[in-house]
Amino acid sequence: MEFEEMQKIWDNQRNEMLFVINEEAMHNRVKAKKRQATRIVNVTEIGLMIVNTITAIILLIDAIKDNEGIYGYTGVGIMLFTVCYLVYIRNKRKKKDLRFDRSILGELDNAISNTQSTIKIGRTMIYWYFIPIAIFIFIKMIYQDATLSKWLFVIGAFILGFFVAGWEIKKWHIPRKRQLEGLREKLVE
């Protein structure tokens, strides 16, 4: 908790320090943290929707151009399913956002919820996105008799993506959530 906004008051009768929180400053700080958490989850959701839509379009063009048949369209379906899933969880999150009140604790709970949504998206994408896409791409590479260098590049890219996504969750999002939860605990006290 940031105590720069706190003012010391001396209680002469008990000879002890009392602290008063500048509520307006604290509420503004909490609102800023909520805006940041909301911005991050929005960028994550919209960014993934855009990337998957563009990938689906590229896969569709390749499937049509190379006359790949049903197998070529499977990748398009996976990408579009991912976009639909992201739209679904985004709408669900936005409806949940409306239930939070605009008090300091309500704003803080909203920030915690949005940070948890970012963590959930990251973890979901690691296991329910990377793995199916990797299987699809590996089967396609076997079918197309890909070169060893292409195999090494694709495997390396998936391993790097897997570890970077996990690192981002552990390094940024989980500590931010803990910080927000710690601030909430202090405010409730």
Side-chain angles (χ1 to χ4, degrees), residues 1-2 5 21-61 73-137 158 160-189:
M1 181 169 165
E2 296 181 15
E5 291 96 15
I21 297 174
N22 180 338
E23 248 184 86
E24 183 180 351
M26 179 58 68
H27 200 176
N28 288 338
R29 184 72 180 140
V30 168
K31 283 181 188 177
K33 288 183 178 293
K34 182 194 141 215
R35 281 191 302 271
Q36 179 188 27
T38 302
R39 186 173 40 253
I40 289 169
V41 76
N42 281 333
V43 166
T44 302
E45 291 167 344
I46 293 169
L48 285 170
M49 284 187 262
I50 290 170
V51 166
N52 284 293
T53 301
I54 291 170
T55 304
I57 292 168
I58 291 169
L59 289 173
L60 180 63
I61 292 168
Y73 297 106
T74 303
V76 176
I78 292 171
M79 291 295 143
L80 292 177
F81 174 78
T82 304
V83 173
C84 291
Y85 174 73
L86 288 164
V87 168
Y88 168 75
I89 63 172
R90 178 175 171 79
N91 288 335
K92 189 175 170 183
R93 179 188 60 80
K94 287 185 156 273
K95 285 179 185 174
K96 186 178 177 183
D97 281 354
L98 297 174
R99 288 185 277 176
F100 292 101
D101 62 34
R102 297 301 162 220
S103 67
I104 293 176
L105 286 177
E107 300 274 4
L108 197 50
D109 287 340
N110 193 202
I112 292 168
S113 176
N114 283 339
T115 302
Q116 181 59 42
S117 292
T118 303
I119 293 168
K120 184 180 177 184
I121 289 169
R123 287 184 176 150
T124 300
M125 289 296 124
I126 288 173
Y127 297 108
W128 295 105
Y129 179 75
F130 281 157
I131 293 172
I133 294 298
I135 291 169
F136 171 75
I137 289 175
F158 275 109
L160 179 65
F162 183 82
F163 284 111
V164 167
W167 177 80
E168 179 186 3
I169 291 168
K170 288 178 189 170
K171 176 74 176 168
W172 300 106
H173 303 305
I174 290 175
R176 180 182 314 108
K177 182 180 173 213
R178 286 186 184 138
Q179 177 192 27
L180 292 168
E181 290 170 337
L183 177 59
R184 188 186 195 293
E185 286 176 21
K186 288 179 182 177
L187 283 175
V188 169
E189 289 174 3

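Positions are given from 1 along the sequence.
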Parallel, tilted or perpendicular: which fits the ring planes of F162 and F130, with parallel below 30° and perpendicular above 60°?
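Rings of F162 and F130: tilted, as their planes differ by 30° to 60°.
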Y85 vs F81 aromatic rings, parallel, tilted or perpendicular, using cut-offs 30° and 60°?
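Parallel: the ring planes of Y85 and F81 meet at under 30°.
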Output yes when a side-chain donor or acceptor of N110 lies under 3.5 Å from a complementary backbone atom of G106, and no otherwise.
no
Flag, side chain of H173 to backbone of S117, donor-acceptor distance under 3.5 Å:
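Absent.
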For L80 versus A56, what's the shortest heavy-atom pair and its separation?
CD2-CB, 3.8 Å
Closest non-hydrogen atoms of T118 and T44, given as atom of the first, atom of the second and distance, are CG2-OG1, 4.1 Å
Quick one: which residue pairs count as a salt bridge (Lys or Arg N to Asp or Glu O under 4.0 Å) with a foot in residues 109-135, not counting sequence neighbours?
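Counting only pairs at least two positions apart or across chains, the salt bridge (Lys or Arg N to Asp or Glu O under 4.0 Å) contacts touching residues 109-135 are D109-R184.
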Listed once per pair and sorted, the salt bridge (Lys or Arg N to Asp or Glu O under 4.0 Å) pairs that draw on residues 40-49, sequence neighbours left out
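Qualifying pairs, neighbours excluded: E45-R90, E45-R93.
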side-chain contact (heavy atoms from CB on, under 4.5 Å) between I126 and I169, worked out
CA-CA 11 Å; I126 288 173; I169 291 168; 4.1 Å; yes
More than 12 heavy atoms of other residues, nucleotides or ligands under 6.0 Å from OH of Y73: yes or no?
yes
Hey, mind stepping through N114 and D97 against side-chain contact (heavy atoms from CB on, under 4.5 Å) and telling me if it holds?
CA-CA 8 Å; N114 283 339; D97 281 354; 3.2 Å; yes
Show, in sequence, the C-alpha distance, side-chain angles and deciding distance for I174 and K177, and conclude whether the side-chain contact (heavy atoms from CB on, under 4.5 Å) test is met.
CA-CA 5 Å; I174 290 175; K177 182 180 173 213; 5.6 Å; no
Roughly how far, to the nearest 0.5 Å, is the OG1 atom of T53 from the CE atom of M49?
8.5 Å
